[in-house]
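Keep in mind that this is a model prediction, so the values were computed, not measured. In what follows, chains carry the letters A, B, and so on, assigned in the order in which the sequence lines appear, proteins first and then strands, with residues in each chain numbered from 1.
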Amino acid sequence: MSRSEFLSPEGFRIDGRRAGEARRLRCRMGALPDADGSAYVEQGNTKVLVSVSGPHECVSKRKQAHDRAMLTCEFVALPYATGEHKPQAHGDRAAAELAAAVRHTFEPVMQLQLYPRSQIIVSIMLLQADGGVRSAAINATTLALIDAGIAMEDFVCACSAGSVQGALLLDLTAQEHGAGAELSVGLLPGSERVGYMQLESKLPLSSVDEVLNFALEGARQVYEVLQTAVRLHADEQLGSRGLISA
Amino acid sequence: MAAEKIVVPGDKLPASTSADAGSTFVWDGALRASVAGIATGSSVRASRKRSAAASSVLSVGDTVVGRITRITPRLAHVDILSLGIDAPLRDPCAGILRREDVRPAEHRTAEMLEMHRCVRPGDVVLAAVLSLGDSRAYYLSTAANDHGVVIAKSSEGATMKPVSYCEMECPVSHVREKRKVAKPPGM
């Protein structure tokens with residue numbers, strides 16, 4: 001198979017992007033006014049809504065920690081998220097795995113020790129899936145936690161890159177994901193650390209570095225978008241409270 | 001104002017910011033913001049406004065307002081409604097008022113400690129958090145003079161008035177009922 005299927009000789013992908021181009025990232029903080037914090041993120045056709053509740057009293061006091069907050073993550077994909085109507089699978093392992101990945105990514109970044117004996121619940125809802133679900137979920141969670149005013153040491157900006165039939169591509173769609181190996185990374189841009197990394201399929205060792213750097217470059221672009229959104233939102237909130245001169 | 005600027009989590013703060021200002025942390029030798037907000041020379045003010053009680057969990061010694069839901073000879077179950085008198089909790093949490101914590105030590109006679117002579121279901125009480133309790137409920141105490149029943153309805157349905165530290169009177173029927181009455185402020 002030639003590389004032409006996913007990258008044309010002119011250097012365009014199936015959806016018209018260039019190899020190193022991420023999809024349009026649109027985000028809205030505070031999308032759910034009744035939640036403590038929320039964010040809606042669109043990465044191309046992947047759409048994710050995250051709501052944060054807490055910090056508040058632990059729902060199950062058995063699991064509460066006396067010196068830090070307990071972080072709980074839940075992930076739900078709507079039945080129509082993937083195109084074909086799929087009824088809600090009970091005890092979905094893929095969903096549980098994604099929720100656990102988000103929790104492990106954010107636990108070290110959040111200052112949970114500031115909220116002893118309480119609980120913070122992150123609910124991720126996948127409205128539409130078209131590749132990069134993990135990245136979108138992580139980006140949306142970052143925004144929702146910041147919207148909730150929960151102390152964090154850094155953003156976590158996630159992006160994926162992959163090697164699809166020899167072509168190095170950024171921010172894969174579901175179609176491209178199905179044809180190649182996809183590496184997702186979560187970058188902590190302030191401290192230049194990687195807080196999350198996942199590779200689901202095989203990738204030649206020689207190209208891991210290349211793909212990783214490509215994904216990190218994408219994550220830096222994501223950071224620019226996210227921090228602009230946070231600044232605009234903070235400005236809006238401070239302005240509405242009269243704490244900042246317009 | 002030129003001195004103020006919007007910060008996001010992880011941003012370095014100006015050197016003039018005091019190290020013990022809230023919503024900050026130190027990493028890599030620099031003081032950084034941990035929330036989105038505005039850096040005003042000396043501190044960080046979060047853009048997110050949270051009500052004080054929305055995020056709070058109770059700690060030992062806090063004064064709370066609760067409603068008695070059920071009594072047994074040994075203890076009373078309480079729904080804790082508010083932290084202090086002006087910070088309602090979003091979700092009521094469970095509290096337990098044990099018989100031995102209802103009255104001060106000198107009043108712990110057998111008769112005084114009968115639970116239904118101290119509190120009744122529906123009463124609103126002012127209490128102190130005695131301990132974090134078990135996995136289900138906080139342990140409360142109403143032993144202090146200014147803690148105890150503040151609002152109680154008589155069998156007529158009227159709100160009773162306190163007449164002494166252990167009795168309340170119904171304004172309609174003038175029937176007196178026993179309670180562990182909270183000392184009204186200013187008495």
Side-chain angles (χ1 to χ4, degrees), chain A residues 29-30 36-37 53-64 66 69 109-111 113-120 142-143 145-157 188-193 223 226-241 243-245, chain B residues 1-13 21-40 43-51 53-60 62 64 80 83 89-95 129 131-138:
Chain A
M29 292 174 74
D36 290 326
S53 146
H56 52 55
E57 198 81 32
C58 280
V59 174
S60 155
K61 282 188 130 197
R62 267 165 227 282
K63 290 183 195 153
Q64 81 175 12
H66 73 282
V109 183
M110 296 166 68
Q111 297 190 312
Q113 75 281 5
L114 297 179
Y115 313 102
R117 288 183 285 114
S118 48
Q119 183 179 23
I120 297 167
T142 298
L143 293 182
L145 288 170
I146 293 174
D147 181 44
I150 293 167
M152 303 223 292
E153 298 189 351
D154 211 336
F155 283 61
V156 185
C157 301
L188 279 53
S191 48
E192 279 287 321
R193 286 179 293 180
Y223 176 57
L226 295 191
Q227 75 151 323
T228 308
V230 171
R231 283 179 205 281
L232 280 174
H233 185 66
D235 191 61
E236 209 173 279
Q237 280 187 321
L238 290 161
S240 69
R241 285 164 63 197
L243 295 174
I244 197 169
S245 41
Chain B
M1 280 169 269
E4 300 182 345
K5 81 183 233 293
I6 303 243
V7 291
V8 299
D11 274 2
K12 282 186 189 171
L13 294 168
S23 307
T24 60
F25 69 101
V26 175
W27 193 80
D28 201 17
L31 193 67
R32 291 159 192 266
S34 62
V35 297
I38 185 167
T40 59
S43 68
V44 178
R45 183 180 232 160
S47 62
R48 178 76 177 186
K49 191 182 175 215
R50 305 179 61 90
S51 68
S55 63
S56 54
V57 287
L58 306 182
S59 40
V60 173
D62 285 345
V64 297
I80 301 172
L83 172 59
L89 299 177
R90 205 169 38 176
D91 305 308
C93 55
V129 177
S131 84
L132 300 176
D134 54 22
S135 64
R136 290 193 193 88
Y138 290 97

Is it the side chain or the backbone of B:D134 that comes within 4.5 Å of chain A heavy atoms, both, or neither? backbone
Counting heavy-atom pairs closer than 4.5 Å to chain A, which one of B:S34, B:C93, B:A33 comes out on top? B:S34
Between A:R231 and B:V7 the two heavy atoms that sit nearest each other are NH1-CA, 4.1 Å
The reported gap from CD in A:Q111 to OG1 in B:T24 (rounded to nearest 0.5 angstrom) is 8.5 Å
Any idea which heavy atoms bring A:V230 and B:A36 closest together, and the distance? CG1-CB, 3.7 Å
So do the side chains of B:L132 and A:Q64 get within less than 4.5 Å of each other, counting heavy atoms only? no
Where on A:P116 is there a heavy atom nearer than 4.5 Å to chain B: the side chain, the backbone, both, or neither? backbone
Mind listing the closest non-hydrogen atom pair of B:L58 and A:R117 along with its distance? O-NH1, 2.6 Å
Nearest 0.5 angstrom please: B:F25 CZ to A:Q113 CD, how far? 10.5 Å
Reference residue B:P9; test side-chain contact (heavy atoms from CB on, under 4.5 Å); the match among A:I150, A:D154, A:I146, A:T142: A:I146
Where on A:S191 is there a heavy atom nearer than 4.5 Å to chain B: the side chain, the backbone, both, or neither? both
Distance, nearest 0.5 Å, that separates CD1 of B:I6 from CD of A:E236: 10.5 Å
Separation between CG (B:L89) and CD (A:E57), nearest 0.5 Å, reads 7.5 Å
Might you confirm whether atom CZ of A:R193 has over 12 heavy atoms from other residues, nucleotides or ligands at distances under 6.0 Å? yes
